[in-house]
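Accompanying notes for the structure given below.
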Amino acid sequence: MSRYNFRETEVKWQALWESRGSFVAANDGPKPKYYVLEMFPYPSGRIHMGHVRNYTLGDVVARFMRARGYDVLHPMGWDAFGMPAENAAIENKVHPAKWTYANIDHMRTQLKAMGLSYDWSREFATCAPEYYRHEQKMFLDFLGAGLAYRKESWVNWDPVDQTVLANEQVIEGRGWRSGAPVERRRLSQWFLRITDFADDLLESLPALERWPDKVRTMQDKWIGRSEGARVFFRLVDAPSGASDAIEVFTTRPDTLFGASFVAIAVDHPLAALLASRDPKLAAFIAESGHLGTSEAAIETAEKRGYDTGLRATHPFVKGHVLPVYVANFVLMEYGSGAIFGCPAHDQRDLEFARKYSLAVLPVVRPKDQDDFAIADQAYEGDGVLFNSEFLNGLPVAEAKRAAIKRLEADRAGRGDTVYRLRDWGISRQRYWGCPIPVIHCPDCGIVPVPEKDLPVELPEDVSFDEPGNPLDKHPTWKHVACPTCGKRALRETDTFDTFFESSWYFARFCSPQAPQAFSQKAIRRWMPVDQYIGGVEHAVLHLLYSRFFTRALRRCGYEIPAEPFSGLLTQGMVCHETYRDAEGHWLFPEEVTRTEDGKAVTADGGAPVTVGRVEKMSKSRKNVVDPAAIIEAYGADTARLFMLSDSPPERDLEWSEAGVDGVWRYINRLWRLITETGIAAQGAPDRFSDADIALRRTIHKTIRAVTEDLEKFRFNRAVAHIRELTNALSDFAEKPHDAEGAWVLREGFEAIARLLAPLAPHLAEELWQRLGHSAVLVESPWPEADLDLVVDDIVTVAVQVNGKLRGQIELPRDAAREDAEKAALALPAVAKASEGKPPRKVIVVPNRVVNVVV
RNA sequence: GCCCGCUUGGCGGAACUGGUAGACGCAACGGACUUAAAAUCCGUUUCCCGCAAGGGAGUGCUGGUUCGAGUCCAGCAGCGGGCACCA
């Protein structure tokens, strides 16, 4: 029995595609363009199953669109800066660049073995000076436009590794690598003014129609716009050195008459000032500072306040003064770091008021409810104002407007909008990143590196022997002359956050060799990305940064669309069962085997194994399967087809050995069917038997169905449809058939090869060639379904009595209602189910159903 | 706590805009071939009653709309995700 030889076949076609330049994107030409992009990988060393899934999905789209007549841009590159390279340098004494480029070489080989249709001539790595020089220029442009600035701020500081960590790199309060508790430190850092674009980023979201709602909602929430008012509470006896009023942000200016206290954050400037004269307050602040920032700590933290003794005057009520507290639940980072408390209409304020015996005055009551009082639940809903002088009788929304109007008239406040979004801190105390191109001069201050001196390249001779930033410890690199005055000055030794590189790489792919960041012609030709594919974990980070970056670049005069990605597909994770031995240590799947009765045991000793949940493949849980081993054992097409088969792309996929075996068996079944059914090419027959026509209908219906499935990224259904057709062809081939039948069979085989081309491209090419074609399938157009064959002449119509299925009838397509009704009523099953009662009504849905109502 | 999504056989999943639920596959079981095994092929497989013909129930739960509901509406439960002392 012959077997499909994927080893020879896959390399053969890969070599042929490459030699023909089949995937090189045409920068001009009459065809419409289509830019499909998968999130490029960090070169960690080897590709993992998540990559295989991601790149398979993208490749199907690329190959399908190419067959449908588009000029497709489908590039691949490397997100090559990042901490793992430095960690490798520390652990293995290998230079980050060497480690990174070796990984790239290995991963490129792995990707090529998958038969992915990339235009490799556009490949680049972001750690190359030819790449990062352009983002240094962009940074200088941002600086010039006021979009980049330096400020002191709180950061996560790892005291062992001596570096700032990103929020994602802090796990349960500890550095992900060192395990040391992370400290908060105030450091001077570079920021990008993403908040400048908060409104645009938010308001453009609804127009991203081909983005998942989930991602748009996440960005919406992340930006977190709140509309309300700033209110000034004047201090009765402002201490010297303090401003004479506390500025408060509120979304409920309508409830101002219910205010009973003002609270400021522990790190509010006024709190610091007061603490310098009040040791008890200082102690309170110090104690509050020790509260963790973890979720659990916040959840259980008691809401506590310290009465400063200061009093603030109510903006509307003359002579009414409110106590000023320092409170541990007020955030300095949000709004103005101060609130007013309205206990009747805010649950947290209510709890605070009860604790410190403050007044609870309701000012909003539900409509038509006169006897309204607050017990232990604040009323946060809509209603009508009372106890509120000029606001009395107004509904909440109107009262808000009226309150703001009065505040503005009295110069006691103004309408305002605040955002949850913070400016993007981009400084990292790391070596393996893009140097920030500025120089600190003792006389001139911060001086941008002149453009002619770009790129600022990383020095190669660095030591990782001691912790800290190797750039800062380098003997000479940072010592330079000030470009302005020529005096001794210091280079910035921080590097960019690696999200900087990935915020514009999609644009660089359009013209990767351009002397400037990108050529306008290439941008006009290819941008925006028509279909972007990647993991949902970037829903906010990378996808928001990129949307910001294009906008910032436009403000600096670059020509690029504001929205970089017009379509987005977020793929699910690749998961696997987890295993532990008796001691609770994780085991790799290959260390586990099943006994005959299905029990999991260790492969070497037969010791019992606990099978855990199906979880995302991760090294720490060892529930990983190496794609290289799968491709070696089954070939790329099997791996690809498995990735596409069972689960829809956006859902999680459980990797199973049995499923892979199933795909491999299918490939061989198909291989034998087509190569062992001897059918020579011949002219089309004039007439067909009924069986022939039935098969032809199946063939053309499949072509149409698969086309629709691929258009809508329903790859699992496309595979199912192709397998159904395979089964139909197999059944037909087993029965005796004449020359006409052989012709139809051949038509079916060709359809399978062509439909399979985007999914399992090597197998498809080989089958196509075996069917006698010399043209390369990858350069052939997509098959068209014969519409006459897609529509049935005879349809099966369901017959129901009172909505219950009682039988079926065969009718000519689009038969008259009366005929359908007559045929349905003639069924014995209908008479039986009606129990002799005459029909009260008959509903006929043409070509679908007849429902007899009795 | 708030917001969003999901819930269909033993499992992954199909089911067009409300119209024959369970396509396709995995697993399991039975059989053929074989000295045997692997591979391959054929068959069964939502559950219940029945030898069968056939009948009944069934898409998380409770109701509703409709000739007809997996699909629409209301309420509830469970699971997953996002955000979280956000004023």
Side-chain angles (χ1 to χ4, degrees), chain A residues 1 3 212-222 224-226 228-229 231 248-253 255 263 265 291 293 295 297-303 327-331 333-342 345-349 351-352 418-420 536-537 539-540 598 614 642 645-648 650-654 656-663 665-666 668-669 672 705 708 714 716-727 730 734 796-808 829 832 839-854:
Chain A
M1 188 178 308
R3 278 199 161 198
D213 288 343
K214 181 171 64 164
V215 175
R216 290 190 291 179
T217 308
M218 282 165 70
Q219 292 209 356
D220 190 313
K221 299 283 177 210
W222 187 266
R225 177 157 76 185
S226 295
V231 186
V248 153
F249 176 77
T250 178
T251 55
R252 294 296 302 272
T255 64
L291 285 172
T293 49
E295 290 179 21
I298 289 167
E299 194 70 30
T300 54
E302 195 187 353
K303 289 165 185 43
N328 64 352
F329 63 86
V330 179
L331 301 174
E333 303 87 61
Y334 187 79
S336 56
I339 62 162
F340 81 81
C342 177
H345 304 291
D346 182 285
Q347 190 58 34
R348 195 190 43 208
D349 292 350
E351 283 160 25
F352 191 84
V418 302
Y419 301 87
R420 214 185 70 94
V536 75
E537 66 271 19
V540 171
V614 173
F642 175 76
S645 291
D646 287 343
S647 297
E650 56 282 348
R651 248 190 259 190
D652 288 353
L653 173 132
E654 190 189 343
S656 83
E657 199 68 19
V660 178
D661 273 331
V663 171
R665 284 199 300 269
Y666 167 72
N668 280 291
R669 198 155 60 234
R672 285 193 301 272
E708 283 177 9
R714 295 189 299 211
N716 55 325
R717 296 214 320 188
V719 173
H721 280 127
I722 293 171
R723 292 184 78 135
E724 269 182 287
L725 176 58
T726 309
N727 293 343
S730 176
E734 273 172 30
T796 306
V797 172
V799 178
Q800 303 173 334
V801 177
N802 291 338
K804 262 189 187 303
L805 183 69
R806 295 296 172 187
Q808 297 176 341
K832 190 182 165 201
R840 283 195 290 135
K841 194 159 134 193
V842 180
I843 306 227
V844 178
V845 181
N847 303 323
R848 287 215 178 266
V849 81
V850 178
N851 189 11
V852 180
V853 185
V854 293

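Hydrogens, waters and symmetry mates play no part in the numbers below; they use all other heavy atoms, side chains included. Below, chain A is the first sequence line, B the second, and so on; all start at residue 1.
Using the Watson-Crick or G-U wobble rule with both distances under 3.5 Å, B:U20 pairs with nothing in any strand shown. Across the strands present, B:G10 finds its partner in B:C26; the criterion is a Watson-Crick or G-U wobble pair with both atom distances under 3.5 angstrom. Within the shown strands, B:G60 is the pairing partner of B:C76 under the Watson-Crick or G-U definition, both distances less than 3.5 Å. Pair assignment for B:U65 gives none, since no Watson-Crick or G-U wobble pairing has each distance under 3.5 Å. Using N1 to N3 plus N6-O4 or O6-N4 for Watson-Crick, or N1-O2 and O6-N3 for G-U wobble, each under 3.5 Å, B:C83 pairs with B:G1. If you check B:U40 for Watson-Crick or wobble pairing at under 3.5 angstrom, you find it paired to B:A32. In this entry B:A53 has no Watson-Crick or G-U wobble partner, no candidate having both defining distances under 3.5 Å.
As a whole-Å value, the separation of A:Arg420 CZ from B:C3 C1' is 12 Å. For A:Glu650 and B:C6, the CD to C1' distance is 12 Å, given to the nearest whole Å. To the nearest angstrom, C1' of B:C86 lies 10 Å from CD of A:Glu333. The nearest whole Å value for the distance from the CD atom in A:Glu351 to the P atom in B:A87 is 16 Å. A:Asp652 places its CG atom 15 Å from the C1' atom of B:U7, with the value rounded to the nearest Å. Whole-Å rounding puts the A:Lys214 NZ to B:G5 C1' distance at 8 Å.
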When the side chains of residues 843-854 of chain A are checked against the rest of the protein, which donor-acceptor pairs come out under 3.5 Å, sequence neighbours left out?
from: A:Asn847; atom 1: OD1; to: A:Asp814; atom 2: N; distance (Å): 2.8
from: A:Asn847; atom 1: ND2; to: A:Asp814; atom 2: OD1; distance (Å): 2.8
from: A:Asn851; atom 1: OD1; to: A:Asn802; atom 2: N; distance (Å): 3.4
from: A:Asn851; atom 1: OD1; to: A:Gly803; atom 2: N; distance (Å): 2.9

Find every protein N or O atom lying less than 3.5 Å from an N or O atom of nucleotides 67-72 of chain B, and list the pairs.
from: B:C67; atom 1: O2'; to: A:Asn851; atom 2: ND2; distance (Å): 3.2
from: B:C67; atom 1: O2; to: A:Asn851; atom 2: ND2; distance (Å): 2.5

Distances under 3.5 Å only, N/O to N/O: pair up the protein atoms with those of nucleotides 43-45 of chain B.
none

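Nucleic acid contact class of A:Val842 (heavy atoms, under 4.0 Å, all strands): none. Across all strands shown, A:Thr251 has heavy atoms under 4.0 Å from sugar-phosphate atoms exclusively, and none from any base. In this structure, A:Lys221 reaches the sugar-phosphate backbone alone: every heavy-atom distance under 4.0 Å involves primed, P, OP1 or OP2 atoms, never a base. Counting any heavy atom pair closer than 4.0 Å across all strands shown, A:Arg806 reaches sugar-phosphate atoms only and no base atom.
Mapping A:Arg848 and A:Asp349 onto RNA chain B via the closest heavy atom, the residue that lands nearer the 5' end is A:Arg848. If you find the closest nucleotide of RNA chain B to A:Thr217 and to A:Leu331, the one lying nearer the 5' end belongs to A:Thr217.
Checked against ring pair (Phe, Tyr, Trp, His ring centres under 6.0 Å), A:Phe249 has no partners two or more places apart in sequence or in another chain. A:Tyr334 is linked by a ring pair (Phe, Tyr, Trp, His ring centres under 6.0 Å) to nothing, counting only residues two or more places apart in sequence or in another chain.
When the P atom is compared between B:G5 and B:G75, the two are found 14 Å apart, to the nearest whole Å. Nucleotides B:G81 and B:A69 place their C1' atoms 28 Å apart, quoted to the nearest Å. To the nearest whole angstrom, the two P atoms, one in B:G58 and one in B:G9, are 14 Å apart. For B:C48 and B:A37, the C1' atoms lie 39 Å apart once the distance is rounded to whole Å. Between the C1' atoms of B:C24 and B:C61, the separation comes to 30 Å (whole Å). When the P atom is used for both B:C47 and B:A23, the distance is 13 Å, rounded to whole Å.
Here B:U20 is the nucleotide among B:A87, B:C41, B:U20 with the atom lying nearest to any side-chain atom of A:Leu805.
The phosphate of B:A57 (OP1 or OP2) has a side-chain N or O of A:Lys804 nearer than 4.0 angstrom. For B:G13, one of the phosphate oxygens OP1 or OP2 lies less than 4.0 angstrom from a side-chain nitrogen or oxygen of A:Arg651. Taking side-chain N and O atoms only, A:Ser226 has a distance below 4.0 Å to OP1 or OP2 of B:A87. The side chain of A:Arg348 places an N or O atom within less than 4.0 Å of a non-bridging phosphate oxygen (OP1 or OP2) of B:C86.
A cation-pi contact links A:Arg723 to A:Tyr666, judged by a cut-off of 6.0 Å to the six-membered ring centre and 45° from its axis.
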Response to the item:
Under a 4.0 Å heavy-atom criterion, the protein footprint on nucleotides 23-34 of chain B, written with B, S and -, is BSSSS-------
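Of all heavy-atom pairs between A:Phe352 and A:Ala327, the closest is CE1-CB, 4.4 Å.
In this entry the base of B:G9 is syn relative to its sugar, with a glycosidic angle within 90° of 0.
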